[in-house]
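Computed from a predicted model, the values in this text were never measured in an experiment. The figures here come from the full heavy-atom set of this structure, side chains too, leaving out hydrogens, waters and symmetry mates. Just so you know, ligand 1 is whichever comes first in the structure, and atom 1 is the first atom listed for that ligand.
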Amino acid sequence: MTVQTTGKVVLGVTGGIAAYKACELSRFLTKWGHNVAVILTENAQEFVTPLTFSTLTNNDVITGMFDSITNTEHIDIAEEADLIVVAPATANVIGKVANGIADDMLTTVIMATKAPVIFCPAMNVNMYENPIVQGNIAKLKKHGCFFEEPAEGELACGVIGMGRMAEPAEILAAVNDIFAGDIINRGIKTDLEGLKVMVTAGPTREAIDTVRYITNFSTGKMGFAIARRAKARGADVLLITGPSSLIPPSGVETIRVISAADMKIVVNERFEEIDVVIKAAAVADVTPKNKSDHKLKKEECGDAIKLGRTDDILKGLGEIKGDKILVGFAAETRDLMENATRKLKDKNLDMIVINDVSSKNAGFGTDTNEVKIIDINGNVDSPPLMMKEGVAELILDKVRELWRAKCR
Ligand code: CTP
């Protein structure tokens, strides 16, 4: 599968508060290697500025129908575009395009293009549920437009409901699905259909007393990216995550846990029903032996905190593995290959992903990762630095190969 296919992406930003998320999306698309041309509608410019996008994309930003000295610019853009993303897509732009109205640069380009168009709706829940808006969405889908559905959550207007724009990482993934060319209907690849995948993500938090804890720098980005991509490729995904501020991908069953001991309980409870476990969580190796049920006084802290080891959850799974596939991560700062190979054997894994957590563009908290992947047959892959979504794709490609080999 082609992972890093790139092209010319027109990002149409319309006037909604979610326009701020379009800034991050433009950065993600650019970082991935797409050539991003941003069109801002007049209303969008009330929320975000052309300068923001030109800085983030290294390209000029189109703000009006008559910006250019040629009067056919809309046709040129429409023809050159490999893909158009409208994010956020207001009820207004959806309605206009659905009804053939082309009264500004963005709607004119959409009308004139033969490239696929992805709409990422963002609006108040009542607007989103309005039968007129739903009718317009259905009409556009019938004409082959893609929709990255909004999520449920707290909207800018304070109401809880459907209408929050999909996360930039999810939209990037939808764009890449279309570039990968391997899509069936609405941008969904289904090469992992039928597979039950458990992904663990994030750090764990080990309480010292009622106000203090021990943890690590993991944010959950890598695990969430794997869960998102596995779901997009048709797998049935269970995400078990330690404390993380990330929003779980839609359609993924998500269980939130706090400590290593909590994670172990949930992982073991659900192991039976799973085909593949991908253990991206940075599980704490130590936990305070006696958790105080009150806040310790600072004088007590030094002597009172005794640390014990947590159980190795993955090693435990390796002992009862059966015909399941186990994928581990190795967070290393030294002797990467030796340490990871030892973990692969000790924990009875099928594959291990080595993460150099001391590297600037890889490891905890970054959007990119540079990994090495060793499989059970001794094959070593060293892909270049890429977005975590891309690393997730590579891991899932290898999982699919291992699974097919097992099923033979
Ligand atoms: N892991 C686990 N339970 C633990 C510790 C780690 O399941 N208590 C899993 C991690 O999710 C990861 C793999 O084991 O997939 C390797 O974790 P890592 O932190 O790299 O290594 P450790 O085994 O903890 O060894 P060390 O910290 O000494 O490198």
Stepwise, does the side chain to side chain donor-acceptor pair (under 3.5 Å) test hold for T90 with N92?
CA-CA 5 Å; T90 55; N92 183 47; 4.8 Å; no
Would A260 count as a contact of ligand 1 if the rule is a heavy atom under 4.0 Å away?
no
Per atom 6 (C) of ligand 1, closest listed option by heavy atom (R309, M263, K347):
K347
Atom indices of ligand 1, in the order listed, that fall short of 4.0 Å to a heavy atom of A281
10 (C), 11 (O)
Quick one: are I171 and V85 in side-chain contact, heavy atoms under 4.5 Å?
yes
Looking at atom 2 (C) of ligand 1, what's its closest protein heavy atom, distance included?
D312 OD1, 3.4 Å
Has D311 got any heavy atom lying under 4.0 angstrom from an atom of ligand 1?
yes
Pairing of D381 and K398 as salt bridge, 4.0 angstrom limit
yes
Which bit of K315 gets closer than 4.0 Å to ligand 1, counting heavy atoms only: side chain, backbone, both or neither?
neither
With a 4.5 Å limit on heavy-atom distance, are the side chains of T287 and S259 in contact?
no
Short version for D285: what comes under 4.0 Å of ligand 1, heavy atoms counted, is side chain
In this structure, atom 15 (O) of ligand 1 is nearest to the protein heavy atom K279 O, 2.7 Å
Given H34, which of D82, N176, T6 fulfils the side chain to side chain donor-acceptor pair (under 3.5 Å) condition?
N176
Taking 4.0 angstrom as the limit, do E167 and R228 come out as a salt bridge?
no
Atoms of ligand 1 close to A331 [distance to a heavy atom under 4.0 angstrom, numbered from 1]:
20 (O)
Closest non-hydrogen protein atom to atom 26 (P) of ligand 1, residue and atom name please, with distance?
K343 NZ, 3.9 Å
Please list, in number order, the atoms of ligand 1 under 4.0 Å from a heavy atom of G328.
15 (O)
heavy-atom search around atom 3 (N) of ligand 1 in the protein gives I313 N, 3.1 Å
Yes or no on salt bridge (Lys or Arg N to Asp or Glu O under 4.0 Å) for E149 and K141, after CA distance, side-chain angles and deciding distance?
CA-CA 12 Å; E149 306 293 346; K141 282 183 180 170; 3.1 Å; yes
Of all protein heavy atoms, the one nearest atom 13 (C) of ligand 1 is F329 O, 3.0 Å
Among all the protein's heavy atoms, is there at least one whose distance to atom 11 (O) of ligand 1 comes out below 4.0 Å?
yes
If you apply the rule salt bridge (Lys or Arg N to Asp or Glu O under 4.0 Å), what do you find for K114 with E79, and how did you get there?
CA-CA 7 Å; K114 290 208 166 5; E79 276 178 4; over 6 Å; no
Against heavy atoms of A330, which atoms of ligand 1 measure under 4.0 Å?
20 (O)
Any salt bridge between D350 and K406, counting N to O under 4.0 Å?
yes
Polar proximity ligand 1 side, E332 side, N/O cut 3.5 Å exclusive
no
Any atoms of ligand 1 less than 4.0 Å from a non-hydrogen atom of T310? List them with their elements.
8 (N)
Looking only at heavy atoms, is any part of L314 under 4.0 Å from ligand 1, and if so is it the side chain, the backbone, or both, or is it neither?
both
N-O pairing of D209 and R212 below 4.0 Å:
yes
Measure from NZ or CZ of K279 to the centre of the six-membered ring of F329, then state whether that distance is under 6.0 Å and the direction lies within 45° of the axis.
no
